[in-house]
Amino acid sequence: MRELLYKDAIREAMDEELARDERVFLIGEDVGIFGGSFKCSVGLRDKYGDMRCKDAPISEAGIVGTGVGAAIVGMRPIVEIMYADFLLVCLDQICNQAAKINYMSGGQIHVPLVIRTPMGGGRALAAQHSQCLHAWVANCPGLKIALPSTAREAKGLLKSAIRDDNPVLIFEHKAMYNMKFDDLPAPEADELIPLG
C-alpha cells in the first residue's frame, strides 16, 4: 500500500483511463489550464492536450449536454461540475436525457458518462456552494451514484465509472481533497471497485 492525497487518487484514475482509452476525455470549467477548482486535473491538459482535457464556458447545462451527446456517439466523457450545487441547472440533461436514453431506445443507445462534482460544507464557500444534493439524483432511475470515502475508493470507483456503459455521478466531499490516505495499491494494480 502507498500514501496519496484524495485529489491525487482522482487525478491518477483519470490519467490512467485517459492513457488506456482514447475515447475518454475530460470537460468542465477550469479543468484544463487551471487544473480544476480543487486541483484534481493538474497536468492532464499538458499531457493529453486541449481536445482531451477541455475547458468549457460557464454553462453546466451545456457541459452536461455535450457529455451526453459525446457519450451517445461512443466517447467516454468525464464531466466535472465545479460544485454539486450547480447540478440544479442541468438536472434536465442528467435526469431526463442521460438517465433515460437507454430505456427510451430499448437498450440500443448507451450513455457512458461520468459526472464528478464536489459537495459539502466546511470550506466557507457560502450556502450556494456547500450543499449535499446526492439524495436528489439518487431517486432518478437510470443513474448510478457513488460517494467515495477514501482515496482507494475514489480511484477504484472512478475507474469503474469510466468503464461503465451507464451514467454515473460521483460526489466527492470538498473536505477530503487534501486528506492523505494510505490505502492505495501500486498504480500497476489497476484496481477497480465495482459500482453497487
Side-chain angles (χ1 to χ4, degrees), residues 7-8 10-101 109-120 123 125-126 128-131 133-134 136-137 140 143-146 154 157-159 161-164 166-174 177:
K7 68 180 176 187
D8 293 336
I10 293 165
R11 179 176 41 258
E12 194 171 273
M14 291 191 294
D15 187 7
E16 290 172 12
E17 293 302 300
L18 283 158
R20 186 188 65 78
D21 188 342
E22 65 184 19
R23 299 172 301 166
V24 175
F25 72 96
L26 174 63
I27 185 170
E29 298 163 13
D30 294 331
V31 298
I33 295 169
F34 191 65
S37 293
F38 295 93
K39 303 299 185 195
C40 292
S41 57
V42 169
L44 296 181
R45 182 178 183 270
D46 293 337
K47 189 171 183 179
Y48 297 100
D50 184 53
M51 294 305 291
R52 295 197 58 213
C53 192
K54 195 79 181 152
D55 281 322
I58 300 173
S59 173
E60 288 78 6
I63 297 166
V64 175
T66 298
V68 171
I72 288 171
V73 298
M75 301 298 287
R76 293 193 169 268
I78 306 166
V79 167
E80 180 178 308
I81 299 298
M82 192 178 287
Y83 294 97
D85 313 70
F86 304 158
L87 291 176
L88 299 178
V89 296
C90 52
L91 279 178
D92 181 54
Q93 289 77 11
I94 295 169
C95 295
N96 287 326
Q97 307 304 322
K100 293 184 173 90
I101 288 172
I109 300 173
H110 298 282
V111 184
L113 168 71
V114 175
I115 299 173
R116 294 182 38 254
T117 190
M119 67 167 191
R123 301 266 318 240
L125 293 171
Q128 74 274 28
H129 290 72
S130 301
Q131 299 175 84
L133 302 176
H134 54 285
W136 288 30
V137 289
C140 181
L143 297 178
K144 296 181 179 182
I145 311 298
L157 288 168
L158 179 53
K159 289 174 73 78
I162 293 167
R163 297 180 192 191
D164 199 286
N166 301 289
V168 180
L169 273 75
I170 299 181
F171 291 88
E172 304 154 356
H173 200 288
K174 293 187 226 69
Y177 284 125

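FYI, side chains are in, hydrogens and waters are out, and symmetry mates aren't considered; it's all heavy atoms of this structure. Quick caveat, the model's predicted, so the values are computed rather than measured.
- Residues Ser37 and Glu80 approach most closely at N-OE2, 4.0 Å, considering heavy atoms.
- Across Thr117 and Ile81, no two heavy atoms sit closer than the pair OG1-O, 2.9 Å.
- Ala98 meets the side chain to side chain contact (heavy atoms under 4.5 Å, CB included) test with Val68, Val111, Leu113, Pro167; sequence neighbours excluded.
- Taking the six-membered ring where tryptophan is involved, the planes of Tyr177 and Phe38 are essentially parallel, since the angle between them stays under 30° and well short of 60°.
- Side-chain atoms of Asp92 and Val64, non-hydrogen and from C-beta on, never get closer than 4.5 Å to each other.
- Remark: the backbone N or O of Ile162 is paired with a side-chain donor or acceptor of Arg76 at under 3.5 angstrom.
- Between the Lys54 side chain and the Gly32 main chain, no donor and acceptor come within less than 3.5 Å of each other.
- Every residue two or more places apart in sequence or in another chain was checked for a salt bridge (Lys or Arg N to Asp or Glu O under 4.0 Å) with Lys39, and none qualifies.
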*May I have the step-by-step check of side chain to side chain contact (heavy atoms under 4.5 Å, CB included) for Arg45 and Ile33, ending in yes or no?*
CA-CA 7 Å; Arg45 182 178 183 270; Ile33 295 169; 3.7 Å; yes

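- When all heavy atoms are compared, the tightest approach of Asp30 to Met82 is OD2-CE, 3.5 Å.
- One distance of note links CG of Asn96 with SG of Cys140; it measures 7.5 Å at 0.5 Å rounding.
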*In sequence, state the C-alpha distance, the side-chain angles, and the governing distance for Asp8 and Val42, and then conclude on side chain to side chain contact (heavy atoms under 4.5 Å, CB included).*
CA-CA 9 Å; Asp8 293 336; Val42 169; over 6 Å; no

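- In this structure Asp164 satisfies the side chain to side chain contact (heavy atoms under 4.5 Å, CB included) test together with Lys144, Asn166, Val168, Leu195, sequence neighbours excluded.
- With sequence neighbours excluded, no residue forms a salt bridge (Lys or Arg N to Asp or Glu O under 4.0 Å) with Glu29.
- Note that CG of Leu44 is 7.0 Å distant from CZ of Arg11, once rounded to the nearest 0.5 Å.
- Here CD1 of Ile10 is found 8.0 Å from CD1 of Ile170. Values are rounded to the nearest 0.5 Å.
- Here the straight-line distance linking atom CD of Glu172 with atom CG of Leu157 works out to 10.5 Å at 0.5 Å rounding.
- The CZ atom of Arg116 lies 4.5 Å from the SG atom of Cys40; values are rounded to the nearest 0.5 Å.
- Between Arg163 and Arg20, the closest side-chain pair of non-hydrogen atoms falls below 4.5 Å.
- Judged purely by atom type and a 3.5 angstrom limit, Ser41 uses its side chain to pair as donor or acceptor with the backbone of Val31.
- Residues Ile63 and Phe86 form no side-chain contact, since every pair of their non-hydrogen atoms from C-beta on lies 4.5 Å or further apart.
- Taking CG of Asp85 as the reference point, atom CE of Met119 lies at 11.0 Å (rounded to 0.5 Å).
- Legend: residues meeting salt bridge (Lys or Arg N to Asp or Glu O under 4.0 Å) with Asp21, ordered by chain and number and at least two apart, are Arg23.
- Residues forming a side chain to side chain contact (heavy atoms under 4.5 Å, CB included) with Arg52 (at least two apart in sequence, or on another chain): Leu18, Val24, Phe25, Tyr48.
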